[in-house]
Amino acid sequence: MRSFLGRDILSLKDFERNEFFRIFEVAEHLEPIARNRRNTDILKEKTLVTAFYQPSTRTRLAHESAMLRLGGQVTGFSDAKMTRAGDFYQESIKDTVKMLEFYGDVIVMRHFQLGAPHEAAKWASIPIINGGDGWGEHPTQILTDMYTVLREKGQIDGLRWVAVGDMRMRTMHSLGHALTQFDCPITFVAPPGMEMPENYSDDFTSMGLDFGFADHVGDVIADADVILVEPTVQPDYTKSRDDRDGDVDMTPENYKITKDLLVNKAKSDAILLHSLPRMDEIPPDVDITRWSRYWQEAFNGVVMRMALLASVLGAME
Ligand code: CP
């Protein structure tokens with residue numbers, strides 16, 4: 001197995017099966033720190049730089065919280081417009097990371113351009129973690145989700161997935177890549193115009209993923225052990241910010257997970273994931289049903305980022 005020390009976390013396409021299990025093992029080891037709301041000194045000599053060119057609540061703050069739980073420091077920006085990277089100067093990725101690498105020991109970057117963290121990794125001498133790039137990938141979110149499945153179901157292999165929402169979403173691409181390493185058939189349910197891009201489905205096929213498509217979640221939910229949902233009402237992820245202009249559309253019934261649907265059709269022990277934020281695709285009355293696991297997923301978001309930071313910074317070799 002390749003070492004995580006000094007490694008960039010850019011895509012799950014290059015993650016091997018045993019590397020998933022290694023990072024889950026580290027996460028499980030560190031989880032009590034977060035659960036007991038303790039801070040440790042595991043990374044007390046280290047600093048995380050957050051470079052967020054797009055809005056985020058969870059990804060940025062979960063990384064920051066993870067670093068603080070491990071005793072490290074945090075610096076960075078959450079709005080590139082306040083820096084030379086985002087204003088009149090539009091400083092290049094290369095020039096920006098050639099500065100940021102002196103301000104810390106690891107960089108987590110979210111960017112509206114596909115491949116921007118990969119470009120940063122070409123120039124930085126410290127690890128780059130992809131916190132979401134355009135319509136590309138969101139590897140740390142799907143590592144969080146896979147870890148949540150392992151913790152909640154006790155296994156990953158042998159579970160059948162249904163993924164509902166906009167298949168242009170970066171989480172869906174990382175999910176497909178991740179599941180190629182496991183025995184997990186998946187059905188994607190997406191509205192017209194939001195189907196899985198061909199380059200990703202070609203990759204999944206070439207890696208032997210057992211996947212298919214459906215038009216209505218109600219037709220396939222009965223078989224699912226894991227139901228993963230993303231909104232179908234989305235901003236344009238190729239923009240740094242996409243402000244709402246007037247009313248937004250509601251989610252069509254085909255892509256909504258209601259309490260009635262779960263009670264009447266879902267397996268009794270299926271689990272429901274959503275990386276959040278949500279629109280109306282999961283109504284709030286689902287929150288207290290036994291299927292919902294998105295708050296556990298949110299907690300695990302901190303645990304997984306602790307595991308990744310500790311691993312790429314060499315604290316868990
Ligand atoms: N799930 C997720 O990536 O949330 P944020 O956009 O708030 O980081």
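Count residues from 1 along the sequence. When a ligand or atom number is given, it counts from 1 through the structure's own listing order.
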At less than 4.0 angstrom from any non-hydrogen atom of Ser275, what atoms of ligand 1 do you find? 1 (N)
Mark up the atoms of ligand 1 that fall under 4.0 Å of a heavy atom belonging to Gln141, in ascending order. 1 (N)
Could you tell me whether [X] and [Y] have a side-chain N and a carboxylate O separated by less than 4.0 Å?
X: Asp225; Y: Lys267; result: yes
X: Asp166; Y: Arg168; result: yes
X: Arg293; Y: Glu297; result: no

Answer yes or no: is there a donor N or O on one side and an acceptor on the other, between the side chain of Arg110 and the main chain of Gly131, under 3.5 Å? yes
Is there a donor-acceptor pair under 3.5 Å between the side chain of Asp133 and the backbone N or O of Gly115? yes
Give me the residue, atom name and distance of the protein heavy atom closest to [atom].
atom: atom 1 (N) of ligand 1; answer: Leu276 O, 2.8 Å
atom: atom 6 (O) of ligand 1; answer: Arg110 NH1, 2.8 Å
atom: atom 7 (O) of ligand 1; answer: Thr57 N, 2.7 Å

Proximal candidate to atom 3 (O) of ligand 1 [heavy atom criterion; set His138, Glu230, Arg58]: His138
